[in-house]
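The structure appears right after this line, and notes come after that.
In listed order, ligands and their atoms are each counted from 1. Only heavy atoms go into these numbers, but all of them, side chains included; no hydrogens, no water, no symmetry mates.
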Amino acid sequence: MPQPCNRIRSYLSAPAANLAGAFLAVFMNIPQQRLRLSLCLVSCLLLSCSKPQAEKAEFFVFGTLVEVELSGADPATAQASFQQLQEMFQTMHRDWHAWEPGLLTEINQAFANGQSGLADQQLATLIQQSQGLETASGGRFNPAIGQLVERWGFHTSDYPIQAPVPAANKIKELLAAHPSTLDIQLISRENGQWEVRSTNPAVQLDLGGIAKGYAVDLAIESLRTQSLQGAIVNAGGDIRAFGRHDGRAWRIAVQNPLGGIIGIVETTTDEAVFTSGNYQRYGVDENGFRYAHILDPRNGWPVQHVLSATVIVDSGILADAAATALVVAGLDEWAQVASGMQLDLILLTDEAGKIYMTRAMQARIALSAQMIKAVVLLD
Ligand code: AMP
Ligand code: MG
C-alpha cells in the first residue's frame, strides 16, 4: 500500500510548496488562515511519516537549490556521495559562470582579444555539445550570445533587474556580428586540456541555458556507478531521475508558471524533465512591461507570449537546451525544434493560461483536475 507521506515527499519540494502557497494566496484569493491550515496539514503528513527516509541532501549552486535524493543507499555511502556531488557542483558553478571570474570568463576574454584560451575536458564537452545543439535547434538555442544577455542586464543575481532596456541600434550592432558557437574551434592538447579560440571576437559564451543540464547529467552519471535502487537530482525544478524510489516510480510535478501544478509525471527509467520559464527571471521596462531572460538570438529581443516550455527526454543537457529553444520557438515554431532536436514529449504554457502539449506528453502526464480544461493538443 503506498504511504501517503512518501507520495507527497517524492515530488512536492519545500520551495515548490511555498511557491504554490504564495500563488494560491495571492491569485486565487484563498484566505491566509485556511491556507496556513492546509500547509500545516501537509507538513504534519510529512512529519508523521514513519518509514525509513531515503537519503537526501541540498546545496545552493547555479543560483538555485539543488536537491539530491538517493533510494536504497546505505547512509555512510550516501554521505560520501553528497560530499563528492557538492564539490562537483561547486567546481562547475565556478568554472562555467558567465560573469563571475573563472575559467569561462577567461575564455571569453581571450575570444574578445582574438587569443586562445584553455578549457578542461568538461568545459570542452559543453562547448562541443552546444555547437550540435545550436545547429539542431535552428539557432534558437545559441549560448554564444553572452554580449546580448549582458546588455539586457541579465548578468546579475538580483531580480527583477533594473538595468535600462538597451537601445535598438545597440542590439542591431551586436546581432550584425552573428555570434555563434560554430565560430569556436577546439584543439586537443596534453593532459585533457583543450585550446579554444573563436574566429569571431563577438562570441561570448553564456552557458546559463545548458549548464544545469550538463551538471545534472554528470551527477547522475556518478550516481549510476553506485548500487542504488534509484536517484533523483533536482536543480531548481530541472530534474533527472533513474530507477525507483522505495520500489515506486519517481513522481515529478510540472509547475504552472501562473501558480499551482499542471500535473505529475511518473518515471522509472532514466529521464530528464526540464522546464524553461519566462516568469521567474525577468526585467521590467520604464512602462512596467516585463521582459524575459530568454532572448531570441535571431532578433536580439526577449521572447514573448510563451511562459514556459517543459520537455522530457533521456538527457539533461539536451532537455535544458531544448526547453530554452522551445521558449524561443513558441507556438509557431515548436515543431521545427521538435524535429531538429528529436523530441516528442513537449508542453508549453502561454500568458492566457493555456497548456499546449503533444499527444505523447498527454499520455505521460496526470493532469491536475483544474488544468484539464486549459489543455490544447499540439499536432
Ligand atoms: P534556461 O533557464 O535554461 O532557459 O536558460 C536561460 C538562460 O540562458 C538565460 O538566463 C541566459 O543566460 C541564457 N540564454 C538566454 N537566451 C538564450 C538562448 N536563446 N540560447 C541560449 N541561451 C540563452
Ligand atoms: Mg535551458
Hey, is [X] close enough to [Y] for a salt bridge, meaning N to O under 4.0 Å?
| X | Y | result |
| --- | --- | --- |
| E333 | R298 | yes |
| D344 | R359 | no |
| D320 | K212 | no |
| E58 | K56 | no |
| D270 | R224 | yes |

* Under 3.5 Å: donor-acceptor pair, side chain of E271, backbone of I312 -> no
* Donor-acceptor under 3.5 Å (S198 side chain, N200 main chain) -> yes
The Mg ion (ligand 2) reached by [X] (N, O or S, under 2.8 Å):
| X | value |
| --- | --- |
| S276 | no |
| D238 | no |
| G209 | yes |

As a test of reading the model: which N/O atoms of the protein lie under 3.5 Å from N/O atoms of ligand 1, and at what distance?
from, atom 1, to, atom 2, distance (Å)
ligand 1, 3 (O), D320, OD1, 2.9
ligand 1, 3 (O), T324, OG1, 3.1
ligand 1, 4 (O), S276, OG, 2.6
ligand 1, 4 (O), T324, OG1, 2.7
ligand 1, 5 (O), G208, O, 3.4
ligand 1, 8 (O), G209, N, 3.1
ligand 1, 10 (O), H293, ND1, 2.8
ligand 1, 12 (O), D206, OD1, 2.9
ligand 1, 12 (O), D206, OD2, 3.0
ligand 1, 16 (N), L295, N, 3.0
ligand 1, 19 (N), R140, O, 3.0
ligand 1, 19 (N), L295, O, 2.8
ligand 1, 20 (N), N142, N, 2.9

* **S308 and T349: side chain donor to acceptor below 3.5 Å** => yes
* Asked: With respect to the Mg ion (ligand 2), what is the nearest N, O or S atom of D320?
  -> OD1
